[in-house]
Amino acid sequence: MVYRFLADAVLIFHLCFVLFAVFGGLLALRWRRIVWFHLPAVVWAFLVQWFRWICPLTPLEIWLRQAGGEAGYDGGFIEHYILKILYIPAGPWFHISLAALVVFLNIFVYVYVFSRRSRKGPEVA
């Protein structure tokens, strides 16, 4: 029971991290200091998708599920959860496209954030 709860907690954290990596730049429109947390998340998300690495949270979740008596799964978080929702085959170009989407979406947001900042002057803490 505890292992299943922990596996679900890891899953929720993983999903939140993915959403933060993709859309966290939008938070910088309101809170500029979020940039210091968001940029490393974007770099990590890009590297994991570009090189098709398995995020360490995935094996942790699988281990917790197996310790709780559930079956684990093959592949990574994206293939197991996200693709089941989208029904998109996960070939190499899909991962490269995800990596590019994360980078370009956030470049667009940060160009906007920093152009607004330069027009307003330095931020007062």
Side-chain angles (χ1 to χ4, degrees):
M1 181 77 159
V2 172
Y3 288 113
R4 290 179 183 180
F5 173 77
L6 292 173
D8 289 341
V10 169
L11 172 67
I12 291 168
F13 178 77
H14 202 168
L15 179 61
C16 289
F17 180 83
V18 169
L19 292 173
F20 179 68
V22 175
F23 300 110
L26 297 173
L27 296 173
L29 294 171
R30 177 71 173 105
W31 301 288
R32 297 247 166 70
R33 292 183 182 167
I34 203 81
V35 170
W36 297 106
F37 298 100
H38 183 248
L39 286 178
V42 169
V43 169
W44 176 252
F46 171 80
L47 292 173
V48 166
Q49 289 304 312
W50 187 265
F51 293 110
R52 300 190 72 185
W53 295 343
I54 299 292
C55 177
L57 293 173
T58 301
L60 174 62
E61 181 202 345
I62 292 170
W63 181 83
L64 289 167
R65 292 209 181 281
Q66 290 172 340
E70 295 181 33
Y73 56 87
D74 293 326
F77 175 82
I78 301 268
E79 291 89 355
H80 186 72
Y81 291 106
I82 306 299
L83 292 180
K84 285 185 178 181
I85 296 170
L86 300 177
Y87 300 105
I88 299 173
W93 288 106
F94 179 75
H95 290 279
I96 291 170
S97 298
L98 284 178
L101 174 69
V102 167
V103 170
F104 290 122
L105 175 67
N106 285 292
I107 286 173
F108 176 76
V109 169
Y110 280 121
V111 164
Y112 178 76
V113 166
F114 290 117
S115 69
R116 245 181 61 183
R117 181 179 181 190
S118 65
R119 280 185 261 143
K120 287 183 176 181
E123 180 183 355
V124 177

Non-hydrogen atoms of [X] and [Y] that approach each other most closely:
{"X": "Ile54", "Y": "Pro59", "value": "CG2-CD, 3.7 Å"}
{"X": "Val109", "Y": "Gly25", "value": "CG1-O, 3.1 Å"}
{"X": "Val102", "Y": "Val22", "value": "CG2-CG2, 3.7 Å"}

>> Could you measure the distance from the CG atom of Leu60 to the CG atom of Leu64? Nearest 0.5 Å is fine.
In response: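 Answer for the CG-CG pair, Leu60 versus Leu64, is 4.5 Å.
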> Once you round to the nearest 0.5 Å, how far does CH2 of Trp50 lie from OG of Ser97?
Replying inline: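 Separation between the atoms: 9.5 Å.
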Test of understanding: clusters of I, L, V, M, F, W, Y form through side-chain heavy atoms closer than 4.5 Å, transitively. Do [X] and [Y] belong to the same one?
{"X": "Trp31", "Y": "Phe37", "answer": "yes"}
{"X": "Val42", "Y": "Leu19", "answer": "yes"}
{"X": "Val43", "Y": "Leu101", "answer": "no"}

> Under 3.5 Å, is there a donor-acceptor pair between the side chain of Asn106 and the main chain of Ala21?
Replying inline: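 Indeed, once roles are kept as given, a pair shorter than 3.5 Å links the two residues.
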>> Is there a side-chain contact between Phe20 and Ile34 in this structure, where contact means two heavy atoms from C-beta onward sitting under 4.5 Å apart?
In response: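 In short, these two side chains touch, coming nearer than 4.5 Å.
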> For Val103, which residues count as a side chain to side chain contact (heavy atoms under 4.5 Å, CB included) partner, sequence neighbours excluded?
Replying inline: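 Partners of Val103 by the side chain to side chain contact (heavy atoms under 4.5 Å, CB included) criterion, ordered by chain and then number, come out as Phe46, Ile107.
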>> The criterion is side chain to side chain contact (heavy atoms under 4.5 Å, CB included); which residues satisfy it with Leu29, sequence neighbours excluded?
In response: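 With sequence neighbours excluded, Leu29 shows a side chain to side chain contact (heavy atoms under 4.5 Å, CB included) to Leu26, Tyr112, Val113, Arg116, given in chain and number order.
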>> Going by ring pair (Phe, Tyr, Trp, His ring centres under 6.0 Å), name the residues that satisfy it together with Phe104, two or more places apart in sequence or in a different chain.
In response: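 So Phe104 forms no ring pair (Phe, Tyr, Trp, His ring centres under 6.0 Å) with any residue.
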> Quick one: ring pair (Phe, Tyr, Trp, His ring centres under 6.0 Å) partners of Tyr3, sequence neighbours excluded?
Replying inline: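 Expected list: Trp63.
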Contacts table for residues 5-13: side-chain donor-acceptor under 3.5 angstrom, sequence neighbours left out:
| unit_1 | atom_1 | unit_2 | atom_2 | d |
| --- | --- | --- | --- | --- |
| Asp8 | OD1 | Arg65 | NH1 | 3.1 |
| Asp8 | OD1 | Arg65 | NH2 | 2.8 |

